[in-house]
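Structure first, commentary second.
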Amino acid sequence: MKFDIVTIFPRMVEGPLAEGIVSRGIAAGLLDVKVHDLRDFTTDRHRVVDDMPFGGGPGMVLKPEPLFRAVERITAERGQPKAIVLTSPDGERLTQQTAERLRDLGHVAILCGRYEGVDERVRAHLATEEISIGDYVLSGGELPALVIIDAVARLVPGVVGDEQSVARDTFARGLLDFPQYTRPADFEGHAVPPVLLSGHHKEIERWRRREALRRTLERRPDLLAEARLDPDDRKLFEELLKERKSAARTRSATTTGARPERSESE
Ligand code: J9Q
């Protein structure tokens, strides 16, 4: 899987790429990531990459020429990228599905946008898509580029040691993860759920499925619409709903007047 990143801050992405799963994927020859300094594609003495917006207003806008030249160089030296992604808050939200699609393309170039803006000709005539990683203000697209690369790289066979764990991942199954514990079995009076120490693999599996469903229902009910639940999951889910309804009844009975009246003697 090939990635090309075009940025005005190459050191901002080089550090993270040299650590963890991604760096091991690179070392193993499974990933090929090249970082390009946008200033190397300028033609003026001062290596200027931005300019004032036409029409006036605050801030500077990334000029089109260096970005077009960077993609020309990438195409000549590394082949034509199958996608040219502009990181931008205006883009389509990154999802696991996006990551799978980019993985399938095999060669992706990522242009790091700036908070202040990128010349519209880049969006219209160079980028093939715009991707946002979420609704918050960032100063630039470097962190989003790293997020995209991490999410895509993990899906390349062999990059994550344990392929089983990739298949079991939250967004592969459509449910949040179940709670995990490690030693000690009792941490300052907080005990690990006894079932996990019981050695009953069937019961452990069932407990984990129930807790994953519980957590998803409580925190991300929106995920349940898409989750693939087998008949056992559906049964566990019905039980959870009943549990919640009876808990809701208890709560409302103790917060309304549904309690014993004071007796005359009080
Ligand atoms: C380039 N805020 O934000 C969320 N996803 C991408 C971005 C972003 C930003 C500013 C510049 C990308």
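Whatever order the structure lists ligands and atoms in, that order sets their numbers, starting from 1.
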Rounded distance [0.5 Å steps], CZ in Arg209 versus CH2 in Trp207: 13.5 Å

Rounded distance [0.5 Å steps], CZ in Arg244 versus CZ in Arg251: 8.0 Å

Considering the heavy atoms of [X], write down every atom of ligand 1 situated less than 4.0 Å from one of them.
| X | answer |
| --- | --- |
| Arg114 | 11 (C) |
| Gly141 | 1 (C), 11 (C), 12 (C) |
| Gly140 | 1 (C), 11 (C) |
| Tyr136 | 2 (N), 3 (O) |

Assess whether atom [atom1] of [X] is packed by more than 12 heavy atoms of other residues, nucleotides or ligands within 6.0 Å.
| X | atom1 | result |
| --- | --- | --- |
| Met60 | CE | yes |
| Glu100 | CD | yes |
| Arg39 | CZ | yes |

Residue pair Ser165 / Val160: nearest heavy atoms and the distance that separates them: OG-CG1, 4.3 Å

Proximal candidate to atom 2 (N) of ligand 1 [heavy atom criterion; set Leu143, Leu138, Leu94]: Leu138

Closest to atom 12 (C) of ligand 1 among Leu111, Thr87, Ile148 (heavy-atom distance): Thr87

Top protein contact for atom 8 (C) of ligand 1, by heavy-atom distance: Pro89 CD, 3.5 Å

Atom 4 (C) of ligand 1 [closest protein heavy-atom partner, distance rounded to 0.1 Å]: Gly134 O, 3.1 Å

Ligand 1-proximal atoms of Pro144, by part, heavy-atom distance under 4.0 Å: side chain

Residue portion contacting ligand 1 (non-hydrogen atoms closer than 4.0 Å) for Ser139: neither

Close N or O approach (Ile133, ligand 1; < 3.5 Å): yes

Donor + acceptor pair across side chains of Glu142, Thr7 (<3.5 Å): yes

His107 side chain to Asp32 side chain, donor-acceptor N/O pair below 3.5 angstrom: no

